[in-house]
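Working notes for the structure below.
For reference, positions follow the sequence shown, starting with 1. FYI, side chains are in, hydrogens and waters are out, and symmetry mates aren't considered; it's all heavy atoms of this structure.
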Amino acid sequence: MARAIMLQGTGSDVGKTVLVAGLCRLAANRGLTVRPFKPQNMSNNAAVADDGGEIGRAQWLQSLAARTPSSVHMNPVLLKPQSENGSQIIVQGRVFGQAKGRDYQRLKPELLGAVLESFEKVAAGADLVIVEGAGSAAEINLRPGDIANMGFATRAGVPVVLVGDIDRGGVIASLVGTHAILDDGDRAMIAGYIINKFRGDVSLFDDGIRAIEGFTGWPCFGVVPWLRGAARLPAEDSAVLERLARGGTGALKIAVPVLPRIANFDDLDPLRSEPDVELVFVRAGEPIPADAGLVVLPGSKSTISDLADFSAQGWDRDLQAHVRRGGRVIGICGGYQMLGRTVRDPFGIEGGTLEIPGLGLLDVETEMAPEKTVRNSHARSTEYDAPLDGYQIHLGITRGPDCDRPSAIIDGAPDGALSADGRIMGTYLHGLFGSDTYRARLLQSFGLLGEQTNYRESVEQALDDVAGELERQLDPRWLAGLLG
């Protein structure tokens, strides 16, 4: 059986995903066969694993860091929120059903078998498995039936390293408080802790480390500074959109309305990395900027409800004005569906609204269908004759006159639509901006230089930078024991 370690947080968004990715790359750089694992993830940022089926985008990134093919077993339970208190449940890559929060709590014991089965498959043939928890280890109200944190760790016998985020404050209290409220069995699983996102002179926290050890007896495995390479990696949680800076004053302003159920927003990361682009995430209550040259409507986990919210924000009027000024629009997946004349849901897949008018910028109509399209795809842009590699995760079939002008050829078949004047484009392909040639030619169409930078290479370099920083900052004795 492979060695394994589990990183759990004292709270959400403490940086576990990046630390797991960095440790995976560090282990891979040392020649180990290392694989990531996350028992349960909640995210609308999904990827299509190499063996088919959906996993969290973060586990796809971690498999890239580990230099190993991604698998649905790396994230056996994926929850995709589609309402305030309900989610679609993906188990081992396939749709299992839907449940509201309280109903899901009753389902978890049933899912534990799938989680443990997947962990065995991931561990088979590996030297090391690095496991990521979800949320907080201290959520004792959710401990009965838990499959995401201590419930998994105790059943699988995997030791735990706690991660505390010092940047948000209260890190000493969060670690000591976690120690205080865990029961003896769970507390015994914790091998030590890591302080993450430290700014400034690390020696100033020496007294903090002594205090934590005095209260808990846990050793500190390192104080990790704010990892600059992390900013160049795709973000997993849409909460990060609330913190993203608007950027500089790029020659091209691209506006992205932030929908309540935004999905796969990492599609936009390659644009954010371009020096001539100012990517503006438009929040609720803000207008779409009048000086934007391009508006991108991203994916959505719930097209109909997000479309209703889009209009309620007044963004439909802003978008019409943008088009009248000569602006351009790209819709991806759910955003593509919104651009048509109508979205129908005769089976009530997304809820009680069976039909809603679209934005009317493309002469197409979408009808939701029970069968979900989930696959990695090779494609070609018909606009720029550029190769595209991406993936599709969507419900619904879109048809109409503008589909006679497909925006891409995916796996040999036409996809998407273009308006007659070519200024409105929709596609079901996620990842098109990750094509260096496509992105360069898109920017050139706006009069920019559009140099063909290598986005994938920049992500690989960021992973190496994170791994190098962890090697410098983490306790070398702990690393030696972990990496062998």
Side-chain angles (χ1 to χ4, degrees), residues 6-7 9 12-29 33-51 53-78 80 90 93 118 122 126 128-134 163 196 224 227-241 244 262-273 298-299 374 376 389-391 393 430-431 433-435 454-470:
M6 185 175 194
L7 269 58
S12 297
D13 198 29
V14 299
K16 301 184 300 294
T17 296
V18 171
L19 291 179
V20 169
L23 288 171
C24 282
R25 176 52 59 94
L26 179 56
N29 284 347
T33 299
V34 57
R35 293 172 187 154
F37 183 76
K38 184 160 186 169
Q40 173 193 292
N41 198 353
M42 177 177 281
S43 177
N44 276 332
N45 253 19
V48 180
D50 290 327
D51 55 0
E54 294 181 72
I55 59 172
R57 197 79 185 151
Q59 281 61 67
W60 179 90
L61 175 69
Q62 290 162 351
S63 72
L64 180 71
R67 298 196 177 97
T68 191
S70 59
S71 167
V72 296
H73 296 292
M74 292 174 176
N75 175 207
V77 178
L78 173 62
K80 304 185 76 174
I90 309 294
S118 287
V122 169
L128 175 65
V129 179
I130 304 180
V131 184
E132 179 184 349
V163 179
N196 199 23
V224 177
L227 297 167
R228 286 175 290 183
R232 307 198 306 276
L233 297 175
E236 176 191 21
D237 194 333
S238 60
V240 77
L241 296 177
L244 285 177
I262 188 171
N264 300 87
F265 60 85
D266 60 318
D267 279 337
L268 305 161
D269 285 340
L271 294 175
R272 188 158 59 95
S273 70
V374 179
N376 289 311
D389 280 302
Y391 60 98
I393 302 177
H430 291 285
F433 297 130
S435 162
N454 191 319
Y455 175 70
R456 180 65 172 265
E457 187 177 278
S458 73
V459 171
E460 293 281 1
Q461 185 58 57
L463 289 167
D464 282 331
D465 291 347
V466 169
E469 192 67 25
L470 293 183

Applying side-chain contact (heavy atoms from CB on, under 4.5 Å), run through Ile262 and Asn44 and close with a yes or a no. CA-CA 7 Å; Ile262 188 171; Asn44 276 332; over 6 Å; no

Which heavy atom of [X] sits nearest a heavy atom of [Y], and at what distance?
X: Ser63; Y: Ser70; answer: OG-CB, 3.3 Å
X: Pro36; Y: Met74; answer: O-CG, 3.4 Å
X: Ile130; Y: Val20; answer: CG2-CG1, 3.8 Å
X: Met6; Y: Pro39; answer: CE-CG, 4.4 Å
X: Pro270; Y: Asp267; answer: CD-O, 3.3 Å
X: Asn45; Y: Ala263; answer: OD1-C, 3.7 Å

For residues [X] and [Y], determine if any side-chain heavy atom of one lies less than 4.5 Å from a side-chain heavy atom of the other.
X: Lys16; Y: Asn196; value: no
X: Leu26; Y: Val34; value: no
X: Gln62; Y: Arg35; value: no
X: Val224; Y: Leu470; value: yes

From [atom1] ([X]) to [atom2] ([Y]), nearest 0.5 Å:
X: Thr68; Y: Asp50; atom1: OG1; atom2: CG; value: 9.0 Å
X: Glu469; Y: Leu227; atom1: CD; atom2: CG; value: 6.0 Å
X: Ile90; Y: Glu54; atom1: CD1; atom2: CD; value: 4.5 Å
X: Phe265; Y: Ser43; atom1: CZ; atom2: OG; value: 6.5 Å
X: Arg57; Y: Ile393; atom1: CZ; atom2: CD1; value: 8.0 Å

Is there a donor-acceptor contact under 3.5 Å linking the side chains of Thr17 and Glu132?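 Yes, a side-chain donor-acceptor pair sits under 3.5 Å.
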
What's the verdict on side-chain contact (heavy atoms from CB on, under 4.5 Å) for Val459 and Leu61, showing C-alpha distance, side-chain angles and the deciding distance? CA-CA 9 Å; Val459 171; Leu61 175 69; 4.1 Å; yes

Verify side-chain contact (heavy atoms from CB on, under 4.5 Å) between Arg25 and Val466, making sure each step is shown before the conclusion. CA-CA 8 Å; Arg25 176 52 59 94; Val466 169; over 6 Å; no

Check whether any side-chain N or O of Asp389 sits under 3.5 Å from a backbone N or O of Ser435 as a donor-acceptor pair, and report yes or no. no

Evaluate Leu233 against Leu463 for side-chain contact (heavy atoms from CB on, under 4.5 Å), listing each step before the verdict. CA-CA 8 Å; Leu233 297 175; Leu463 289 167; 3.8 Å; yes

Under the criterion side-chain contact (heavy atoms from CB on, under 4.5 Å), which of Arg228, Arg232, Glu460 is the partner of Asp465?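 So, applying the side-chain contact (heavy atoms from CB on, under 4.5 Å) to Asp465 and each of Arg228, Arg232, Glu460, only Arg232 qualifies.
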
